[in-house]
Amino acid sequence: MGKVILGIETSCDETAVSLVEDGRKVLISLLSSQVDLHRIYGGVVPEIASRRHLELIFPLLDEAFRNFPKEKIAAVAVTYGPGLVGALLVGLSVAKSLSYALNVPLIGVNHMEGHIFANFLEDAKPVFPALVLVVSGGHTDLIFMRGFGDYELLGETIDDAAGECFDKVGRVLNLPYPAGPVIDRLSKKGKPIYKFPVARLKEEGYNFSFSGLKTAVRVFREKNPDAKVEDIAASFQEALVRALVENTEKALRDYKPAKLYLAGGVAANSKLREEFLNLGKTYNIPVHFPSLQYCTDNAAMIAAAGYHRYLLGKFAPLNLNAYPSLMLGEERY
Ligand code: KG4
Ligand code: ZN
């Protein structure tokens with residue numbers, strides 16, 4: 001038996017617990033989603049999320065330890081940022097208690113690094129340097145990754161994140177939260193016949209901007225109430241994915257990475273996955289993205305990133321705090 005890391009994730013609206021052996025073999029990955037609870041508000045309500053995490057986490061831990069004795073875990077890895085502070089604190093408190101009670105190391109994991117490591121749960125051949133596009137509800141980051149733990153941020157969004165844009169456009173189109181998967185599904189039944197503008201930033205570099213696109217869809221919808229929602233969805237998705245792919249392609253040409261990775265909730269998007277595969281073919285480089293269940297928030301990715309820190313001996317003290325704005329590569333212990 002290798003080293004089994006317990007992963008705990010409570011940074012937003014998913015309560016998740018996982019046991020992963022040697023950073024790759026997922027023994028169990030459990031998730032209690034709160035999306036139904038937040039849907040009536042059209043987004044995550046932080047205070048409700050914290051309270052719900054507290055109720056959901058213990059049954060998940062009980063279930064995880066039903067088939068695997070907790071005395072055998074090698075360490076506890078927990079998300080300590082970025083995220084909602086109250087939500088993060090629930091996972092942190094539980095992780096600290098377990099680490100103390102079982103006398104095993106506590107490891108703090110950056111949520112965004114977790115998203116990147118979702119790739120290494122399944123990618124048998126990680127190759128570096130790599131170009132990684134991390135697209136989630138809170139982030140749109142283009143990263144040049146020289147190795148595990150070595151990240152250079154090439155570009156980021158200057159306004160809305162890609163997932164946030166999906167969710168806001170969803171509200172304009174009266175779709176349920178989170179709208180990303182719904183727009184993805186609707187797009188398959190529609191045609192991208194409307195040309196929505198994609199912001200091209202004047203400055204050099206690889207930053208993104210999505211607030212103009214969101215506004216363009218809202219104005220179009222107001223002026224064209226009879227346009228088919230499937231066609232609007234497909235046109236919006238086409239424009240957003242194009243913006244993501246254009247910047248990625250620019251960085252591909254400039255940095256010539258050996259591999260291309262996609263990570264985060266929006267990495268579940270079928271159009272984006274298809275376009276990344278096309279990029280791989282055009283530039284003749286391997287492409288990898290996580291399977292769907294590991295794109296959106298989960299704890300297996302936290303255990304995988306935790307295993308890497310475990311090997312480096314990066315153990316956190318029991319007074320580890322939560323950092324809502326923790327940056328990728330930033331170390332707070
Ligand atoms: O990574 P994630 O689960 O949570 C954060 O860390 O933010 O990402 C959630 C985001 C939401 O905005 C959701 O709408 C979006 O990912 N999303 C998608 C798809 N599945 C989830 N966006 C586009 N297409 C999808 N299939
Ligand atoms: Zn996430």
Side-chain angles (χ1 to χ4, degrees), residues 7-16 18 29 31-35 38-39 42-44 46 49 53 78-84 87-88 91 109-119 132-141 156-157 160-173 175-188 190 210 213-214 217 233-234 236-245 261-276 289-302 304-305 324-328:
I8 296 179
E9 157 63 41
T10 65
S11 69
C12 192
D13 59 347
E14 315 278 5
T15 318
S18 180
S29 179
L31 194 126
S32 274
S33 181
Q34 305 180 9
V35 290
H38 298 284
R39 189 163 287 144
V44 181
H53 281 307
V78 61
T79 305
Y80 76 114
L84 304 167
L88 289 166
V109 171
N110 180 307
H111 181 80
M112 303 319 290
E113 185 167 36
H115 274 303
I116 294 173
F117 267 78
N119 280 288
V132 193
L133 178 68
V134 190
V135 268
S136 71
H139 289 76
T140 307
D141 294 343
E156 62 190 329
T157 179
D160 293 347
E164 186 182 1
C165 189
F166 267 102
D167 296 337
K168 285 180 174 169
V169 164
R171 241 178 275 170
V172 169
L173 301 178
L175 305 174
Y177 169 87
V182 186
I183 290 179
D184 193 350
R185 238 176 293 130
L186 285 175
S187 297
K188 292 191 176 122
F210 294 114
L213 173 58
K214 170 192 67 189
V217 178
F236 156 72
Q237 181 176 279
E238 170 96 4
L240 186 137
V241 168
R242 194 175 350 118
L244 293 174
V245 169
Y261 289 101
L262 196 54
V266 183
N269 185 267
S270 54
K271 176 78 182 159
L272 183 58
R273 291 162 90 91
E274 185 189 316
E275 290 302 327
F276 259 56
F289 30 74
S291 57
L292 290 179
Q293 59 181 326
Y294 300 129
C295 285
T296 41
D297 290 350
N298 65 88
M301 68 186 198
I302 302 304
S325 311
L326 189 70
M327 307 276 288
L328 186 66

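Read the numbers this way: they start at 1 and go in the same order the structure lists the ligands and their atoms. Residue numbers start at 1 and run along the sequence shown.
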Under 4.0 angstrom from ligand 1, any heavy atom of Q237? no

NE2 (H115) to the Zn ion (ligand 2) to NE2 (H111), nearest 10°, is 90°

What is the minimum heavy-atom distance between I302 and V109, and which atoms define it? O-CG2, 3.7 Å

Do D13 and Y177 come close enough that some side-chain heavy atom pair is under 4.5 Å? yes

Ligand 1 to D297 polar contact by distance, N or O atoms, under 3.5 Å: yes

Pull out every atom of ligand 1 sitting under 4.0 Å from any heavy atom of D167, numbered as shown with elements. 11 (C), 12 (O), 13 (C), 14 (O)

Proximal atoms of ligand 1 relative to A268 (non-hydrogen, under 4.0 Å): 20 (N), 26 (N)

With a 3.5 Å cut-off and no angle check, do the side chains of H139 and E156 form a donor-acceptor pair? no

Do P82 and N110 come within less than 4.5 Å of each other through their side chains, counting heavy atoms only? yes

In ligand 1, the atoms that come under 4.0 Å of a heavy atom of T296 are 3 (O), 21 (C)

D297, N/O/S atom nearest the Zn ion (ligand 2): OD1

Is the closest side-chain heavy-atom distance between F276 and N269 below 4.5 Å? no

How close does the nearest protein non-hydrogen atom get to atom 26 (N) of ligand 1, and which residue and atom is it? D184 OD2, 2.9 Å

Quick look: H139 vs ligand 1, heavy-atom contacts under 4.0 Å, and the answer is neither

Are side-chain heavy atoms of L272 and F289 found at a separation under 4.5 Å? no

For atom 10 (C) of ligand 1, what is the nearest protein heavy atom, given as residue, atom name and distance? G137 N, 3.7 Å

Rounding to 0.5 Å, atoms NZ (K271) and CD (E275) come to a distance of 4.0 Å

Can you sort out which atoms of ligand 1 are near G138, meaning under 4.0 Å from one of its heavy atoms? 7 (O)

Looking only at side chains, do S32 and Q34 share a donor and an acceptor under 3.5 Å apart? no

Working to the nearest 0.5 Å, report the span between CD of E9 and CG of D297. 5.0 Å

For H111, take its heavy atoms, then give the atoms of ligand 1 lying under 4.0 Å from any of them. 6 (O)

Ligand-side contact atoms (ligand 1) for residue partner G265, heavy atom cut-off under 4.0 Å: 1 (O), 2 (P), 8 (O), 16 (O), 17 (N), 18 (C), 19 (C), 20 (N), 21 (C)

Mind checking whether P176 and V182 have side chains closer than 4.5 Å, heavy atoms only? yes

Out of curiosity, is C12 lining ligand 1, as in a heavy atom under 4.0 Å away? no

If you measure from atom 23 (C) of ligand 1 to every heavy atom of L272, N269, V44, which option wins on shortest distance? N269

At less than 4.0 angstrom from any non-hydrogen atom of G163, what atoms of ligand 1 do you find? 12 (O)

Whether R185 lies under 4.0 Å from ligand 1, heavy atom: no

Find all atoms of ligand 1 within a distance of less than 4.0 Å from any non-hydrogen atom belonging to H115, and give their numbers and elements. 1 (O), 6 (O)

With only distance considered, is G180 within less than 3.5 Å of ligand 1 through an N or O on each side? yes

